[in-house]
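The next block holds one structure in the form of structure tokens; read it before the comments.
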Amino acid sequence: MRRVTLGAAVIAALFVAGCGESDQVVVYKQGKYQGKPDAQPWDNAPLAAGQLGGKWTKGDRTSWEEQIKNRQLGQHEHRRIYQ
Amino acid sequence: MLLTRKSTSDAMPQSRLSRGMQAALAKTMDRRAFLRRSGVTLGAGAVASQLPFSMIGEAQAKADAVKVEVKRTVCTHCSVGCAIDAVVENGVWVRQEPVFDSPLNLGAHCAKGASIREHGITHDSHRLKHPVKLEGGKWKKISWDQAYDEISKKLLAIRDDKEKGGPDALFVVGSSKHNNEQAYLLRKWVSLWGTNNCDHQARICHSTTVAGVAQTWGYGAMTNSYNDEQNSKSLLFLGSNAAEAHPVSMLHTLHAKENGCKVIVADPRYTRTAAKADTYVRLRSGSDIPFIFGVLHHVFKNGWEDKQYIHDRVYGMEEVKKEVMAKWTPDKVTEATGVAEAEVFNVAKILAENRPGFIIWAMGQTQHTNGNAIVRASNILMLALGNVGRSGGGCNIYRGHDNVQGATDVGPNPDSLPGYYGILPPAWAHWTRVWNVDPKWIADRYAPGMQTKPGITVSRWIDGVMEKNEAIDQGPNLRAIFFWGHAPNSQSRGLEMLEAMKKLDLMVVLDPYPSASAAMFAKVRKDGAYLLPIATQLETEGSATASNRSLQWREKVIDPLFESRTDQMVMYQLAQKLGFADQLVGKKDGKQNIKLVKGKGGEEPSMEDTLREINRGTLTIGYSGQSPERLQAHMRNMHVFDVKTLRAKGGKDAKTGYDLTGDYFGLPWPCYGTPALKHPGSPNLYDTSKHMMDGGGNFRALFGVEKDGVNLLAEDGSHPKGADITTGHPQFDHVLLKKLGWWDELTDAEKAEAEGKIWSTDLSGGIIRVAMKHGNHPFGNAKARAVVWNFPDGIPQHREPLYSPRPDLVEKYPTHDDVKVLWRLPTLFKSVQQKAVADKMHEKFPLILTSGRLVEYEGGGEETRSNPWLAELQQDCFVEINPKAAADRNIRNGEYVWVSSPTGARIKVKAQVTERVGPDTCFIPFHFSGWWQGEDMLPYYPEGAAPIVRGEAVNTATTYGYDRVTMMQETKTTLCNVAKA
Amino acid sequence: MARMKFLCDAERCIECNGCVTACKNENEVPWGVNRRRVVTINDGVIGAEKSISVACMHCSDAPCMAVCPVDCFYRTDDGVVLHDKDLCIGCGYCFYACPFGAPQFPQAGAFGLRGKMDKCTFCAGGPEADRSEAEFKKYGRNRLAEGKLPACAEMCSTKALLGGDGDVIADIYRERVLRRGKGSEVWGWGTAYGPGKPGAQPPAPGAKS
């Protein structure tokens, strides 16, 4: 931070104050979206066996993410070629 | 909302966010740019709904009592053979999922495969829904029974007409989209009717390949596989636009490229495949032989040929070398092809330094009057480099339709019974045994002398109708035609086809869609046609052979929709009316080969039993080991197959306990011997590095033991790995077995059957079994022939196309002499070419017209243009024209133009001004139909069954020209002119 | 886990339109609405032709979300940008704001009439009960709730279009770029990092480029 004169610092502080630092990562602000609520994908039960869906534990985000990342490797032909 | 498209002339708004992207997109004017309409008028027909989403209506599954099944099938749109998992709820096809396990496509699809579920949608379908008959110029709905009644009566009347009729008055155009079982049954059906006048799309696709390549070394099929390209160091695409015709094959190609493989594309157009090439060479359409031999010239000059390989395994290369060095010097090559010497040399160097490598081709090489010679030149190049018969090298021939390979192998060919046995008496003796049909009965079905005469080809059926009767080499002219799964707009000379339709007594179209045949016929006739709705390949089970010779078994996804019936059911039911239903299923003397099963609409021959009959009889090409059980086990366990080698390292099928170890996926033919022998299939043909029972092989001994004192059999030391006979030998028969002392290794039952037979007629499979046990190839071990002396041009010769833009080259490289009778018809060559030169056609029509594929459509196009998801992407037929040629003719991008050809036809298409084509060439895709010289033929289609997108068929304007050996049509090179509309 | 993202590898895309029809198929998108489409640059120009498949990029800082007057957009925990069609008034501001042309408006008759905005949902459905009929009718398929990934990415003919966890995509793409030694310049890496030679090391910090 560069050193500024007292007056300029006060003026600068006035400009800055009230705005807050802008977030580096966009944070979802609850309350802006006005529509219907939506469920998270992992909060559903997996499809029945034989219906080609993924397998995870309902409600467990990590297990859902694991299986999604594993399925995603189907897009990487190296996995099928060098399995 | 229009598709986002940018043109070079549009100024883009420069918003802060978008500036970066816009700079990159500034020069975007692509084929999609023709999507000017969002298609409201068209779309209104496609989806009459105001909601954001159309409802799938009946396809919506209810939450309760839902029966969900997953059926594994294979896409029906090209020969790559992408597997699909179809999710069916209560008999309705609701979802499709990719099959990542498939070793062939790894879950990938192109536009057609990704949208194939549309074939199962009944809401707003453009399919033919019920049989119709043309009456008083209108398509009237009739019942199946009435259709069968009337058609059979007409057929029998024509057959019994002593003066102008007979069994040969019927031409059955079969289909490369039939599965193996249907194609096989169709060949039988036509034989039982009593004619050899049958054919299918292979004629106009790879007939020249099959003939030329088979005559070089034994089998006329892809030597390796799409997968095997991953083991290559170089790929030369000469006459293939794989990015649009076989998109998923590019997965293997690009994976190879990323691992160091050099990709060269030589094409008159800068295709999408060329956009992915390391090296692109633009050559004049039709100048393939000068190019190939130009490359070969440099190979010989620098001593890059594989001398040991040539010595051991090739006959006649010395002769070829002499001719190539003398005749195809760089200046001659440049004169004929338009390619600079440095470029040709560069290609030769890349191929020589990067072995093993493939040469890849499709229609670019085959559809010429000397197509049979062009493919042989490709073979010679690969033989010279020593690339054939090893992993990563050879001739990768990309077949077209999903089962054109299978239909060629076992289906309706005019010059052969199933399995390339031919139609001479020994072939008939073999097959009547397999079919359980009385040989005398069949012989009587034929007109005298016709049983052993090759029939008319699909490319010339119109001449069979129109030609003077004295000039045809059969009794009657053609009076009735069946279009059984084949479109008319893929054959050349459309103007004359319309005339031929005027003269026909009867036309029957058996297809899921009316096809352009219906519209063309109704345009010129008031009656005489029937359209029968046939089920698609997703509504039946059966096997299909992909281009790499692997067989895949399709499960039935849904029952035939609307009133359609399967091909096999219609074959059987018609046969019942015509009097040979029993023979069709091999019912005689208390035995029945093929049992009947219940289907929608009646009884039909069982597909599994039909495959078993194919297994029993097709020994020549090894369709004998692929039993339904083995194929189904493969489909259930795709994940155990390695992608680079196609081999299963292990695995056991959970359902049947079948051990998959060692099998190659789909048991690529030849898969010799009975299923019990458990031959693993042959992924790469002629591969001497493997044992016979491991998929190895060598070149075939089909052409004799010696020629002019030169040994035609392989030299000592050239044999499959571990073979007992380590030198060349002729094909195996009972005589050879006895001479070798191996006769007693046959069981008694095998001996009884094998006595007096050769390996391919021994139904016990014993001769094959014993030969393979000793590691030797049943069809012998010989040299490949660089000189095919039984063809019109022993060494491939360059001959200018009949309609050539270069009269100076016509004089140097004239075409063949006219032939009085070829495939039963007089066939012109020289007279047409001379007349074109004399009439100065090259001045009136100075642009070369070539045609080819688009990724969104397949074949004649009526099926894919009825799929709204595909139709939206390509709504107009167009001509690609170079900016210079367009400017010379005052043509702007996107406006309508008339393309005229020497036939007098004029077709109206949109102009796409692009640098893809050179200033001397124009390109029109061949998938369109439904317009006739500017007129929309919508009124001539049955109600509700016209395709969504209609356009001019380029073949309305294409010209006369046929291959000297196979009667392939010359659609890749003719002449045209373009004028503003 | 990182956000859900798409990446289309321009070295592999052959403009086969498999992604386009896969989306149409899976979500039953009507004629005229193009959630995903393939854009080709330098069509037919020798040595310069490239294609990429474009749909909604599911931006972290989505301009569509920022400008919507009725705030009908939201972003899921995976980073998928979705919106509520019941709230949408079809004004088209999101269409103005989006640099990729993702918002689509089905035509419903007279020129200029717009329906509810429709766009790529990353096959994650929308604010209705997951995997229900209502969700399918309005938003298309919810593949994420089935443990699958977008149909377009799963069916791409040459595995050019990658879709899913951004980290996994980065791994896959990085491996490809390393193998072939080129391809990233289409994305502007040359602008950001300076034109480099294949296999060269990036410049040391502080060094003049």
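Just so it is clear, the structure is predicted and the values come from calculations on it, not from any experiment.
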When you check the gap from the basic side-chain N to the acidic O, do [X] and [Y] get nearer than 4.0 Å?
{"X": "C/D118", "Y": "C/R35", "result": "yes"}
{"X": "C/R180", "Y": "C/E11", "result": "no"}
{"X": "C/D43", "Y": "B/R916", "result": "yes"}
{"X": "C/D9", "Y": "C/R176", "result": "yes"}
{"X": "B/E244", "Y": "B/R853", "result": "no"}

Side chain / backbone / both / neither for [X] at chain B, heavy atoms under 4.5 Å:
{"X": "C/E175", "answer": "neither"}
{"X": "C/A151", "answer": "neither"}
{"X": "C/C59", "answer": "neither"}

Next item on the list: State whether the side chain of B/K257 and the backbone N or O of B/K276 hold a donor-acceptor pair below 3.5 Å, judged by distance alone.
Entry: yes
Margin query: Below 4.5 Å, heavy-atom pairs only: which of C/K148, C/E26, C/R143, C/R12 has the largest tally toward chain B?
Written below: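 Going by pairs under 4.5 Å, I would pick C/R12.
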Next item on the list: Just give me the residue among C/S157, C/C23, C/G47 that pairs up with chain B most often, heavy atom to heavy atom, under 4.5 Å.
Entry: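 Looking at each of C/S157, C/C23, C/G47 in turn, C/S157 comes out on top.
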Notebook entry, point to check: Can you tell which of B/C110, B/G260, B/A277, B/C82 has the highest number of heavy-atom pairs within less than 4.5 Å of chain C?
Noted result: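 Option with the greatest count: B/C110.
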Check: Is it the side chain or the backbone of B/E258 that comes within 4.5 Å of chain C heavy atoms, both, or neither?
Finding: both
Check: Where does B/N867 contact chain C at under 4.5 Å (heavy atoms): side chain, backbone, both or neither?
Finding: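 Neither; nothing under 4.5 Å.
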Check: Angle class for the B/H119/B/H77 ring planes (parallel below 30°, perpendicular above 60°, tilted otherwise)?
Finding: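 If you compare the ring of B/H119 with that of B/H77, the planes turn out tilted.
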Checklist line | Geometric class of the C/F122/C/H58 ring pair [parallel <30°, tilted 30-60°, perpendicular >60°] | finding: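 C/H58 vs C/F122 ring planes: perpendicular.
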Check: Could you walk me through whether C/R131 and C/N142 pass the side chain to side chain donor-acceptor pair (under 3.5 Å) check?
Finding: CA-CA 6 Å; C/R131 310 199 310 231; C/N142 191 337; over 6 Å; no
Check: Ring centroid separation for B/H252 and B/Y226, is it under 6.0 angstrom?
Finding: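 Ring centres of B/Y226 and B/H252 not closer than 6.0 Å.
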Notebook entry, point to check: Do any of residues 158-168 of chain C come closer than 4.5 Å to chain B, heavy atom to heavy atom, and if so which ones, in number order?
Noted result: C/T158, C/K159
